[in-house]
> 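Once you've had a glance at the structure underneath, I'll fire off some questions.
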Number of protein chains: 4
Amino acid sequence: MRADAQDNRKRVLAAAEEIFGRTPGASTEDVAKLAGVGIGTVFRHFPTKTELLEAVLTVRLERLRDRATELAGEADAGAAFFGFFSQVVAEASTKLAIAEALLASGSAAGASARNAGAGMREAFGTLLSRAQQSDAVRDDADFPEVYALLIGASRGATAANLEPLVRDKMLEILYDGLRPDRS
Amino acid sequence: MRADAQDNRKRVLAAAEEIFGRTPGASTEDVAKLAGVGIGTVFRHFPTKTELLEAVLTVRLERLRDRATELAGEADAGAAFFGFFSQVVAEASTKLAIAEALLASGSAAGASARNAGAGMREAFGTLLSRAQQSDAVRDDADFPEVYALLIGASRGATAANLEPLVRDKMLEILYDGLRPDRS
Amino acid sequence: MRADAQDNRKRVLAAAEEIFGRTPGASTEDVAKLAGVGIGTVFRHFPTKTELLEAVLTVRLERLRDRATELAGEADAGAAFFGFFSQVVAEASTKLAIAEALLASGSAAGASARNAGAGMREAFGTLLSRAQQSDAVRDDADFPEVYALLIGASRGATAANLEPLVRDKMLEILYDGLRPDRS
Amino acid sequence: MRADAQDNRKRVLAAAEEIFGRTPGASTEDVAKLAGVGIGTVFRHFPTKTELLEAVLTVRLERLRDRATELAGEADAGAAFFGFFSQVVAEASTKLAIAEALLASGSAAGASARNAGAGMREAFGTLLSRAQQSDAVRDDADFPEVYALLIGASRGATAANLEPLVRDKMLEILYDGLRPDRS
DNA sequence: TATGAATGAGACTTCATTCAT
DNA sequence: GATGAATGAAGTCTCATTCAT
């Protein structure tokens with residue numbers, strides 16, 4: 001692919017992330033406008049609106065996966081786990097809007113997004129295991145429910161449009177539930 | 001209003017609840033078809049798609065409010081609180097889809113839905129206070145964060161499409177966080 | 001026809017005259033509301049919106065015909081002619097709106113309105129002849145062009161939404177053209 | 001704008017002028033069909049039916065303004081004035097239908113049409129003044145009533161669907177009224 | 001007869017997608 | 001490759017007309 005084509009692809013992707021993060025119902029034309037390209041260019045790189053949304057979601061998920069992988073190398077496993085959890089929740093609103101837009105487009109996420117999601121979940125699973133091994137998280141919490149809590153906290157924070165302070169208090173309650181019994 | 005008109009109104013509302021619960025992006029025509037009436041009838045009862053969505057959401061919220069009010073009379077305040085919490089989460093998926101559809105229709109919930117929402121929150125607040133007075137829920141948990149947890153758990157369960165078993169384990173963790181310190 | 005049916009018919013007609021005079025694009029429902037009857041009643045008396053409009057127009061035209069016939073008996077033929085002319089122009093706006101509504105309904109005026117129109121034109125023709133015989137109007141002005149002037153002045157006054165003063169000055173110019181040569 | 005787009009814009013405008021001139025209540029689809037383009041194309045060039053109608057009306061008014069301006073340079077001021085008057089009346093029917101369609105679309109003419117109208121009136125005012133200065137039109141006729149006569153004659157000719165001969169006789173009467181007193 | 005709820009064709013408008021330039 | 005004009009299916013909503021109550 002030519003260099004300028006590469007460039008355009010990136011600009012479209014960035015524009016899409018911004019627009020769909022704000023307005024899940026935005027039109028493809030809006031994306032083109034923000035990216036500063038013609039609408040034809042958007043469709044050349046992403047033959048379908050669904051594919052564009054998937055690409056955006058994939059980028060987001062890969063970023064999270066990378067962050068999780070990075071944190072997996074840290075010494076304090078508990079801090080790594082809870083730090084990642086908090087960060088995901090803090091950044092949730094944009095990503096969720098995108099996921100919803102994708103859903104509304106009438107398609108479950110395609111292969112690439114699914115892969116990125118799987119990678120992210122795997123990395124998060126590692127963080128969880130290590131936190132449990134170092135006694136920072138209770139042992140009887142299995143991955144599915146912890147992951148559901150991550151999703152739920154993200155969505156709760158987004159939907160209620162929580163102030164950071166309230167969000168932190170919500171997470172503190174949740175983390176208390178996740179920590180091993182102190183008795 | 002005539003009896004048959006009442007009937008149709010109910011059928012439209014029921015159809016809308018079912019359809020939008022499944023497919024937030026559904027068309028008004030779909031609702032009419034499921035209700036077995038002409039599209040004109042839908043618009044006669046709900047002059048705007050937004051109003052239809054609001055009506056559906058209002059019904060849902062009123063149902064929850066009534067349930068909360070009812071539980072507020074029970075002897076075991078802790079059981080009442082956690083029972084309501086669990087029920088809301090269990091039934092969340094449909095209601096959430098409706099709320100999303102409403103949002104996508106470009107309007108914050110109107111007066112009636114807002115009222116019903118406020119009523120529901122108030123009743124839930126009462127359940128929380130009583131649970132705290134009877135030492136079933138920790139005292140330092142204020143309403144905003146607890147409500148955010150309710151929303152979040154609902155959305156998490158819905159989004160992840162959790163099996164009941166996993167959902168219960170998720171809630172168990174959450175409830176542990178909400179209970180007073182066990183030390 | 002029963003007395004109350006007669007009554008309803010009149011009320012519908014009056015309401016239609018008022019509404020269509022103001023708002024040529026008004027709906028039949030609006031007429032029913034103003035008349036204080038159900039929409040079914042409107043359609044029972046006037047099976048078609050077009051027929052309703054025609055009835056209204058017919059009433060108007062008959063009123064004008066009667067006025068012209070009445071004036072034909074007056075002594076001063078010139079005063080009668082110009083008086084009628086001025087009155088028609090002054091009252092034009094409502095009637096025109098109705099005629100337009102009828103036109104927009106996609107039908108030339110039907111039999112009854114045509115008859116009433118013919119009657120009115122005939123009476124106006126008599127006024128003109130008598131005015132010419134008494135030297136109040138020039139002899140070389142034939143009916144078609146004088147009638148066109150009547151229509152035109154009516155429409156001009158209506159369209160331009162003239163103040164009465166300007167309208168009178170306009171008519172004065174026109175009347176000067178209609179009077180016999182002053183040499 | 002690309003050449004082919006320019007072309008289509010013109011074709012749509014021409015089609016609209018023809019259709020709305022004949023049938024004020026015509027649908028946008030009809031315009032598209034006559035123009036030989038998809039309905040989407042009509043809306044791309046004129047995002048609203050109202051805007052399309054305005055554009056058509058503006059074109060018409062600008063044409064008249066240009067003609068008036070052109071005539072203002074002629075030597076015989078009287079001939080210029082009466083010539084313009086006659087031409088406006090002769091071409092009135094189409095323009096009027098368009099103006100009505102615009103009115104029915106629920107909007108007073110927008111900026112561009114208003115501007116064009118003002119320009120036309122100004123140019124017509126100049127024609128009038130010059131005709132008065134050269135004693136071709138009576139001095140006590142002010143602009144408002146003369147303009148009302150122009151509108152009225154146009155509408156009268158249109159509404160009555162006059163044959164050219166009758167129209168000319170009507171105008172002759174009107175012009176006699178406008179000329180200075182011959183005594 | 002009166003009522004007003006039901007109907008559905010048709011209007012305007014949006015937007016994902018295609019294709020000539 | 002890029003552009004943006006063209007397309008038309010689909011959605012929301014209106015309203016003349018019909019029909020059950």
Side-chain angles (χ1 to χ4, degrees), chain A residues 1-9 25-33 36-52 105-106, chain B residues 1-9 12 25-30 32 35-50 52 105, chain C residues 1-2 4-5 8 25-33 36-52 105-106, chain D residues 1-9 12 25-30 32 35-50 52 105:
Chain A
M1 195 186 296
R2 273 160 38 179
D4 56 344
Q6 283 278 12
D7 245 42
N8 272 340
R9 193 178 197 282
S27 73
T28 313
E29 184 101 35
D30 292 337
V31 174
K33 226 167 258 163
V37 304
I39 192 173
T41 303
V42 175
F43 274 90
R44 158 165 287 271
H45 288 291
F46 306 93
T48 274
K49 194 183 190 184
T50 298
E51 282 173 73
L52 173 57
S105 95
Chain B
M1 199 187 298
R2 268 160 40 182
D4 54 344
Q6 283 276 13
D7 251 40
N8 270 336
R9 192 178 198 282
V12 169
S27 75
T28 311
E29 183 105 35
D30 292 337
V37 302
I39 192 171
T41 301
V42 177
F43 276 95
R44 159 172 278 270
H45 288 291
F46 306 94
T48 278
K49 193 183 191 184
T50 297
L52 173 56
S105 95
Chain C
M1 196 184 297
R2 273 162 36 179
D4 56 343
N8 273 340
S27 72
T28 313
E29 184 101 36
D30 292 337
V31 174
K33 226 168 257 164
V37 303
I39 193 174
T41 304
V42 176
F43 274 91
R44 158 166 286 272
H45 288 292
F46 307 94
T48 273
K49 192 183 192 184
T50 298
E51 283 174 71
L52 172 57
S105 94
Chain D
M1 200 185 298
R2 266 157 43 179
D4 55 342
Q6 283 276 12
D7 251 40
N8 270 336
R9 192 179 197 282
V12 168
S27 74
T28 311
E29 182 104 36
D30 292 337
V37 303
I39 192 170
T41 301
V42 176
F43 277 93
R44 159 170 279 269
H45 288 291
F46 307 94
T48 277
K49 192 183 192 184
T50 298
L52 173 56
S105 94

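Excluded from the calculations below are hydrogen atoms, water molecules and symmetry mates; all remaining heavy atoms, backbone and side chain alike, are included.
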> Can you tell me which nucleotide in E/dT7, E/dA2, E/dA5 comes closest to the side chain of C/His45?
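Within the option list, the nearest is E/dA2.
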
> So which nucleotide from E/dT3, F/dG11, E/dT18 ends up closest to the side chain of B/Ser27?
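When the side chain of B/Ser27 is considered, F/dG11 is the closest of E/dT3, F/dG11, E/dT18.
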
> Could you check D/Arg44 against B/Phe43 and say which one's nearest nucleotide on DNA chain F is further toward the 5' end?
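In this pair, the answer is D/Arg44.
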
> To check you understand the geometry: which heavy-atom pair defines the closest contact between B/Val12 and B/Ala35, and what is its length?
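Closest approach of B/Val12 to B/Ala35, heavy atoms only: CA-CB, 4.0 Å.
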
> Report the distance from atom CD1 of A/Ile39 to atom NZ of A/Lys33, rounding to the nearest 0.5 Å.
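Taking CD1 in A/Ile39 and NZ in A/Lys33, the distance rounds to 9.0 Å.
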
> Can you check the D/Glu29 CD to F/dT7 C1' distance for me, whole Å?
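These atoms are roughly 12 Å apart.
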
> Among the candidates E/dA16, F/dG8, E/dA9, find the nucleotide nearest to the side-chain atoms of D/Ile39.
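Of E/dA16, F/dG8, E/dA9, F/dG8 is nearest to the side chain of D/Ile39.
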
> Side-chain N or O of C/Thr41 less than 4.0 angstrom from OP1 or OP2 on E/dT3?
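Yes, within the criterion.
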
> Please determine whether a side-chain nitrogen or oxygen atom of A/Thr28 lies at a distance below 4.0 Å from atom OP1 or OP2 of E/dC15.
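No, because none of the side-chain N or O atoms of A/Thr28 sits under 4.0 Å from OP1 or OP2 of E/dC15.
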
> Which one is paired to F/dT21, where only Watson-Crick or G-U wobble pairs with both distances under 3.5 angstrom count?
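WC or wobble partner is E/dA2.
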
> Could you give the CG-to-P distance, from C/Leu52 to F/dC15, as a whole number of Å?
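The answer, rounded to whole Å, is 16 Å.
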
> As an exercise, state the distance from NE2 of B/His45 to CD of B/Gln6, rounded to the nearest 0.5 Å.
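CD of B/Gln6 is found 8.5 Å from NE2 of B/His45.
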
> With nearest nucleotides of DNA chain E determined for C/Val42 and D/Phe46 from heavy-atom distances, which residue corresponds to the more 5′ nucleotide?
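In this pair, the answer is C/Val42.
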
> Mind listing the closest non-hydrogen atom pair of D/Arg9 and D/Phe46 along with its distance?
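Smallest heavy-atom distance, with atoms named: NH2-CE2, 3.4 Å.
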
> Roughly how many Å is it from CG in B/Asp30 to C1' in F/dT12, rounded to a whole number?
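The distance from CG of B/Asp30 to C1' of F/dT12 comes to 13 Å, rounded to the nearest Å.
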
> Expressed as a whole number of angstroms, how long is the span from B/Arg9:CZ to E/dA6:C1'?
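Going from B/Arg9 (CZ) to E/dA6 (C1'), I get 16 Å.
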
> Taking for each residue the nucleotide of DNA chain F with the nearest heavy atom, is it B/Gly40 or B/Lys49 whose nucleotide lies nearer the 5' end?
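Closest to the 5' end, via its nearest nucleotide, is B/Lys49.
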
> Just the rounded figure in Å: distance from P of F/dA2 to CD of A/Gln6.
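Checked: the CD to P distance equals 11 Å.
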
> Between A/Lys33 (NZ) and E/dC15 (P), how many Å, whole number?
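Interatomic distance, NZ of A/Lys33 to P of E/dC15: 10 Å.
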
> On a heavy-atom basis, which atom in C/Lys49 and which in C/Phe43 lie closest, and how many Å separate them?
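Result for this residue pair: N-CE2, 4.4 Å.
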
> Please pick, from E/dA5, F/dT12, F/dA9, the nucleotide with the shortest atom-to-atom distance to any side-chain atom of B/Asn8.
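Nearest listed nucleotide: E/dA5.
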
> How close or far is atom C1' of F/dT17 from atom CD of C/Glu51, stated in whole angstroms?
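Whole-Å distance recorded here is 12 Å.
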
> Tell which nucleotide pairs with F/dA16, taking only Watson-Crick or G-U wobble pairs whose two distances are both under 3.5 angstrom.
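When the pairing criteria are applied, E/dT7 turns out to be the nucleotide that pairs with F/dA16.
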
> Closest-nucleotide mapping onto DNA chain E: is D/Asp4 or A/Gly25 further toward the 5' terminus? I mean the 5' end.
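Of the two residues, A/Gly25 wins.
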
